[in-house]
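Structure first, then comments.
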Amino acid sequence: MSVGILGLLRVSLGGMAVSVGSNARTTATAVASSEIEAMRATTYDKLGFATSSTGYRANFEGATTVVVSLAAGEVAQVEPLGVLQQDGLNFGITRDIVWASALIGAGPAVANAAYKRTVVEVSWTDQHGPHKVRQDGGVYPGGLGAYGAPTTTTTPPGPVMPGAPVNLVASLGSNSSSQINLAWDQGSPASTTWEIHQSSNNGVTWTTLTTSQPGATTNFSVSGLAESTTYTYRVRGLLGTQVSAWSASASATTAAATGVCASLSGSATPSPAKRLSSKYLKTDVLVNVNTNGGCTYGLRIRFTPGDGSPPTTHTLSMSQVGSEFKYTISKNAYKWTTGANTFEILDPSNIVITQIALSVVNDG
């Protein structure tokens, strides 16, 4: 009898253990189902975790499955981790909400960030060791066509707008009474050409200086300006038919002229100059101009050699030493016809301040 009773007792205790284990699994399964439904009942836009949540992790089941995170400042409706005590057991609850790349029951795998997947794992430990149950559920926001079969549309890219130029600076040039230099930096995307405007009334009205300045050249010089005048400039980029916004404007004021530039005397030596049979001069010709000292900036010489077919006018800068300006005409630079020739001396404003005659004769 004792042996029989002990055998029955072992069978009874084993049945009780199985019953307890089955009850725990039933409880865990019910908890997982309840958690899944609670997450799926959350407003779709709010279904995710705050990155500051306890137990938050950026990826689930490998780096390719990304956890849904809410925008900064948004309050999560559910947390990643939880604990439930029931029937003398502690059930650990782990929640995950991920972007779904393959929807449950949706046929072919789709990669669409509009679909989310909720995952709940419930774990516990009893006298038989650790246990775990898991449930998954897809979440669909609606409005994307048949569930699991979203359509893909492609929107052609719009025209590329060039970036506005920056750091525009206007500064006086070497002739501070009539020249202003501009410099700026390229915007992004880069422009292929520049449009430059000038205003002498503080931007009330604008004059276009150019629309074809190469995009690679981010500087521009403006000359022939009036003295003691404030000029304002703006620049914008062109890229095909697209134009950028205007740069911030920049201004500079030309200086007052320091004096009136006038010639006291001028000469061309030798004169007459001898011409070879090749029509080139036999010797160099030196053109010399003495001024009254008011010519603080360079003078230029303008002349038209009588070499026929057709004659070409040349305008060249003269070298300066104090109030004296010089230019040497190389004997081999131009062909000449015999007779009288005239050199015009120009001030920085292109005004002729004197004329110098040169007679050319045949050599021998």
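None of the values given here were measured: they were computed from a predicted structure.
Considering all non-hydrogen atoms of both residues, V287 and M318 come closest at O-CE, 3.9 Å. Shortest non-hydrogen contact noted between P270 and T283 is CG-OG1, 3.7 Å. When all heavy atoms of P165 and G237 are compared, the pair lying nearest together is CD-N, 4.0 Å. The two residues L238 and T211 have their closest heavy-atom pair at CD1-O, 3.6 Å. The minimum heavy-atom distance linking L182 with W184 is given by the pair CB-CZ3, 4.0 Å. When all heavy atoms of A252 and I180 are compared, the pair lying nearest together is O-CD1, 3.7 Å.
With hydrogens and angles ignored, the 3.5 Å screen pairs no side-chain donor or acceptor of S191 with any backbone N or O of P162. In this structure, the side chain of W336 does not engage the main chain of P305 through any donor-acceptor pair within 3.5 Å. A distance-only check finds a donor-acceptor pair linking the side chain of S53 to the backbone of A50 [under 3.5 Å]. Formation of a donor-acceptor pair under 3.5 Å by the Q320 side chain with backbone atoms of G322 is found in this model. With T210 contributing its side chain and S212 its backbone, the two residues share a donor-acceptor pair below 3.5 Å. Remark: side-chain polar atoms of T254 are paired, donor with acceptor, to backbone N or O of S228 under 3.5 angstrom.
Here the CD1 atom belonging to I356 is positioned 5.5 Å from the OG1 atom belonging to T354, to the nearest 0.5 angstrom. Here S271 contributes atom OG and L358 contributes atom CG; the two are 5.0 Å apart, rounded to the nearest 0.5 Å.
For T51, the side chain to side chain contact (heavy atoms under 4.5 Å, CB included) criterion is met by Y56, S69, not counting sequence neighbours. Remark: T192 pairs with L239 by the side chain to side chain contact (heavy atoms under 4.5 Å, CB included) rule, at least two apart or across chains. Under the rule for a side chain to side chain contact (heavy atoms under 4.5 Å, CB included), the partners of N181 that lie at least two apart in sequence or sit in another chain are S171, Q179, S221. In this structure, the side-chain hydrogen bond (donor to acceptor under 3.5 Å, both in side chains) partners of N201, at least two apart in sequence or on a different chain, are S199, T205. The side chain to side chain contact (heavy atoms under 4.5 Å, CB included) search around S267 returns N288, not counting sequence neighbours. Taking F303 as the reference, H314, Y334, F343 meet the ring pair (Phe, Tyr, Trp, His ring centres under 6.0 Å) condition, with sequence neighbours excluded. Scanning for side-chain hydrogen bond (donor to acceptor under 3.5 Å, both in side chains) contacts around K132 gives an empty result, with sequence neighbours left out.
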With a cut-off of 3.5 Å and sequence neighbours excluded, list every side-chain donor-acceptor pair involving residues 27-39.
unit_1 : atom_1 : unit_2 : atom_2 : d
T27    : OG1    : N23    : O      : 2.9
T29    : OG1    : R25    : O      : 2.8
S33    : OG     : T29    : O      : 3.1
S33    : OG     : Q135   : OE1    : 3.1
S33    : OG     : Q135   : NE2    : 2.7
E35    : OE1    : R95    : NE     : 2.8
E35    : OE1    : R95    : NH2    : 3.3

Counting only pairs under 3.5 Å, give me each side-chain donor-acceptor contact of residues 229-236, with atom names and distances, residues two or more places apart or in other chains.
unit_1 : atom_1 : unit_2 : atom_2 : d
T229   : OG1    : E227   : O      : 2.9
T230   : OG1    : T253   : OG1    : 2.6
Y231   : OH     : A226   : N      : 3.0
T232   : OG1    : S251   : OG     : 2.9
Y233   : OH     : Q198   : OE1    : 2.9
R234   : NE     : H197   : ND1    : 3.3
R234   : NH2    : H197   : ND1    : 3.2
R236   : NE     : E195   : OE1    : 3.0
R236   : NH2    : E195   : OE1    : 3.2

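Each salt bridge (Lys or Arg N to Asp or Glu O under 4.0 Å) pair with one or both residues in residues 339-358, not counting sequence neighbours, appears once here: R302-E344. Within the structure, every pair that satisfies the salt bridge (Lys or Arg N to Asp or Glu O under 4.0 Å) test and touches residues 350-364, not counting sequence neighbours, is listed here: K282-D363. Sorted by first and then second residue, the salt bridge (Lys or Arg N to Asp or Glu O under 4.0 Å) pairs with a member in residues 267-276 form an empty list; sequence neighbours excluded.
T304 and T313 share a donor-acceptor pair across their side chains, judged by distance under 3.5 Å alone.
Of the residues listed (R117, R40, K116), the one engaging D136 in a salt bridge (charged side-chain N to carboxylate O under 4.0 Å, His left out) is R117, and it is the only one.
A salt bridge links R57 with D96: at least one charged nitrogen is closer than 4.0 Å to a carboxylate oxygen.
Proximity of I97 to V67: side-chain heavy atoms (C-beta onward) are nowhere separated by under 4.5 Å. By the 4.5 Å heavy-atom criterion applied to side chains, L281 and V360 are counted as neighbours.
In the hydrophobic clustering of ILVMFWY residues, with side-chain heavy atoms under 4.5 Å counting as a link, Y327 and L346 come out apart. F325 and L316 fall within a single hydrophobic cluster, where Ile, Leu, Val, Met, Phe, Trp and Tyr are joined by side-chain heavy atoms under 4.5 Å apart, directly or via other members. L209 and L172 fall within a single hydrophobic cluster, where Ile, Leu, Val, Met, Phe, Trp and Tyr side chains are chained together by heavy-atom contacts under 4.5 Å.
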Worksheet item: Are I93 and V83 close enough, and set up right, to give a side chain to side chain contact (heavy atoms under 4.5 Å, CB included), and what steps lead you there?
Response: CA-CA 6 Å; I93 303 169; V83 176; over 6 Å; no

Discussion item. Could you go through N290 and S265, starting from their C-alpha distance and side-chain angles, then the distance that decides it, and tell me whether this counts as side chain to side chain donor-acceptor pair (under 3.5 Å)?
Written reply: CA-CA 5 Å; N290 288 297; S265 62; 3.3 Å; yes

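Applying the 6.0 Å contact sphere to CG of N202 captures no more than 12 heavy atoms from other residues, nucleotides or ligands.
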